[in-house]
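Whatever order the structure lists ligands and atoms in, that order sets their numbers, starting from 1. Heads up: numbering here begins at 1 and tracks the sequence. Note that the structure is predicted; figures quoted are calculated from it, not measured.
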Amino acid sequence: MPGGVSSPVRAFKSVGGQPIVFDRVKGAYIWDVDGNQYIDYVGTWGPAICGHAHPEVLAALEVALAKGTSFGAPCTLENVLAEMVIDAVPSVEMVRFVNSGTEACMAVLRLMRAFTGREKLIKFEGCYHGHADMFLVKAGSGVATLGLPDSPGVPKSVTSHTLTAPYNDLEAVQALFSQYPDQIAGVILEPVVGNAGFIPPDGGFLAGLREITKEQGALLVFDEVMTGFRIAYGGAQEKFGIMPDLTTLGKVIGGGLPVGAYGGRRDIMTMVAPAGPVYQAGTLSGNPLAMTAGIKTLELLRRSGTYEQLDQITGKLISGLLRIAQEAGHEVCGGHINGMFGMFFTPGPVHNYEDAKAADAGKFAKFHHGMLEHGIYLAPSQFEAGFTSLAHTEADINQTLAAAKAVLTNL
Ligand SMILES: *Cc1c(COP(=O)(O)O)cnc(C)c1O
């Protein structure tokens with residue numbers, strides 16, 4: 001396996017050293033093959049919002065498993081999850097299930113182009129929309145971690161239609177629309193960035209994008225693969241009260257199994273085959289196991305007080321980390337929204353990818369390894385957000401902060 005892993009950031013290249021090989025997960029914890037236990041703040045990069053291997057998710061999966069793993073034909077579980085997504089996410093009137101966030105973003109771009117008859121797209125520096133060619137321009141996450149400017153093998157002809165702007169910069173977006181009148185199909189973004197570290201939108205940024213795209217006859221697409229059902233049950237669009245035209249989802253809606261989805265306005269979504277001419281398909285799409293894990297996960301999230309609990313636990317974590325770091329003499333900034341958080345080793349504030357890159361990566365690497373030695377598993381890159389779950393307890397947070405105090409004091 002190239003680099004010994006199935007996905008690049010797992011290899012610890014950005015923090016140095018060897019990755020840990022894991023054996024099992026449960027609740028807020030993760031155990032390596034040597035039997036060491038860690039408190040986990042990666043949560044398989046977001047899906048484990050109810051805690052790993054939740055007993056109710058496992059029980060539902062056992063029932064589904066007995067009926068078979070894939071039908072390659074319609075199953076009613078797809079309708080159940082589709083209804084849940086449509087009820088939850090304000091702008092979604094119709095939805096199509098796929099197998100990953102990457103697939104969802106690829107499909108949504110084809111649809112944006114088909115609907116508008118335009119080819120160009122605007123994305124933001126440091127935003128990640130999966131690994132499809134058209135999005136591998138200033139793409140954050142693993143691309144940032146490995147310092148690849150773009151990827152070899154991506155034809156210039158494919159990315160020549162990908163325009164980029166700094167995050168939180170409405171003037172740059174307006175300038176691109178002036179430069180390419182009637183040529184831009186739409187704007188895609190992470191409504192809260194998680195793939196360049198945690199960067200929330202400035203007040204007015206999302207509303208400004210909504211206004212500009214509407215004026216220009218272009219589409220606004222929220223990539224909520226990370227934020228959907230994580231920063232609020234209805235995602236960033238519910239949290240900030242902005243209606244995009246299209247939305248991509250993944251991570252949480254698969255409950256730990258491979259799922260992605262895209263959805264939005266009915267008049268746009270009815271262009272997708274076989275209702276319309278825009279082709280997109282998948283052998284395992286909507287399979288009963290993935291649908292079951294997604295349905296049960298959303299059911300658990302719908303119980304009362306879940307997001308308040310995530311907010312409380314994550315707020316305690318991040319405010320504690322920032323205070324301890326500052327007391328130890330480090331310049332830091334950071335924040336959280338419900339179950340998503342981040343801290344940078346820079347005085348900040350961090351509004352965009354340039355600001356994030358100014359953070360002290362060497363210090364982060366030392367912090368990461370120190371925390372590992374104390375049994376705390378953080379994402380092995382400063383360009384990744386952190387995640388909590390409903391399984392994280394006050395005691396877990398206290399243990400994490402005690403570890404942080406020991407590590408940051410000696411850093
Ligand atoms: C994780 C992620 C993706 C890609 O999803 P995969 O399932 O890894 O293909 C796309 N967009 C965002 C915002 C993500 O966080």
Seminar exercise, completed: Check: of Lys251, Glu384, Met226, min heavy-atom distance to atom 14 (C) of ligand 1 comes from Lys251
For this session: Give the single entry among Trp45, Phe222, Phe135, Tyr128 that approaches atom 12 (C) of ligand 1 most closely by any heavy atom.
Result: Tyr128
Exercise. Taking atom OG1 of Thr388 and atom OH of Tyr41, what is their separation to the nearest 0.5 Å?
Worked result: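 Interatomic distance, Thr388 OG1 to Tyr41 OH, rounded to 0.5 Å: 8.0 Å.
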For this session: Give the residue and atom name of whichever protein heavy atom lies nearest to atom 4 (C) of ligand 1, and the separation in Å to one decimal.
Result: Thr102 N, 3.7 Å
Exercise. Is the cationic atom of Lys357 (NZ for Lys, CZ for Arg) positioned less than 6.0 Å from the six-membered ring centroid of Tyr353 and within 45 degrees of its normal?
Worked result: yes
Exercise. Would you say Phe12 and His368 make side-chain contact, with heavy atoms under 4.5 Å?
Worked result: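 Phe12 vs His368: side chains touch.
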Exercise. Is there side-chain contact between Gln382 and Phe345, with at least one heavy-atom pair below 4.5 Å?
Worked result: no
At a 4.0 Å threshold, what atoms of ligand 1 neighbour a non-hydrogen atom of [X]?
{"X": "Gly101", "answer": "4 (C), 5 (O), 6 (P), 7 (O), 9 (O)"}
{"X": "Glu190", "answer": "13 (C)"}
{"X": "Asp223", "answer": "10 (C), 11 (N), 12 (C), 13 (C)"}
{"X": "Gly130", "answer": "4 (C), 10 (C)"}

Tell me the contacting part of [X] for ligand 1: side chain, backbone, both, or neither, using a 4.0 Å heavy-atom threshold, strictly below.
{"X": "Val225", "result": "side chain"}
{"X": "Asn195", "result": "side chain"}
{"X": "Glu103", "result": "neither"}

For this session: Walk me through it: do Tyr167 and Phe205 pass the test ring pair (Phe, Tyr, Trp, His ring centres under 6.0 Å)?
Result: CA-CA 9 Å; Tyr167 198 76; Phe205 180 58; 5.0 Å; yes
Exercise. Is ligand 1 less than 4.0 angstrom away from at least one heavy atom of Glu224?
Worked result: no
Problem set entry | Heavy atom of protein inside 4.0 Å of atom 8 (O) of ligand 1, strictly below | no
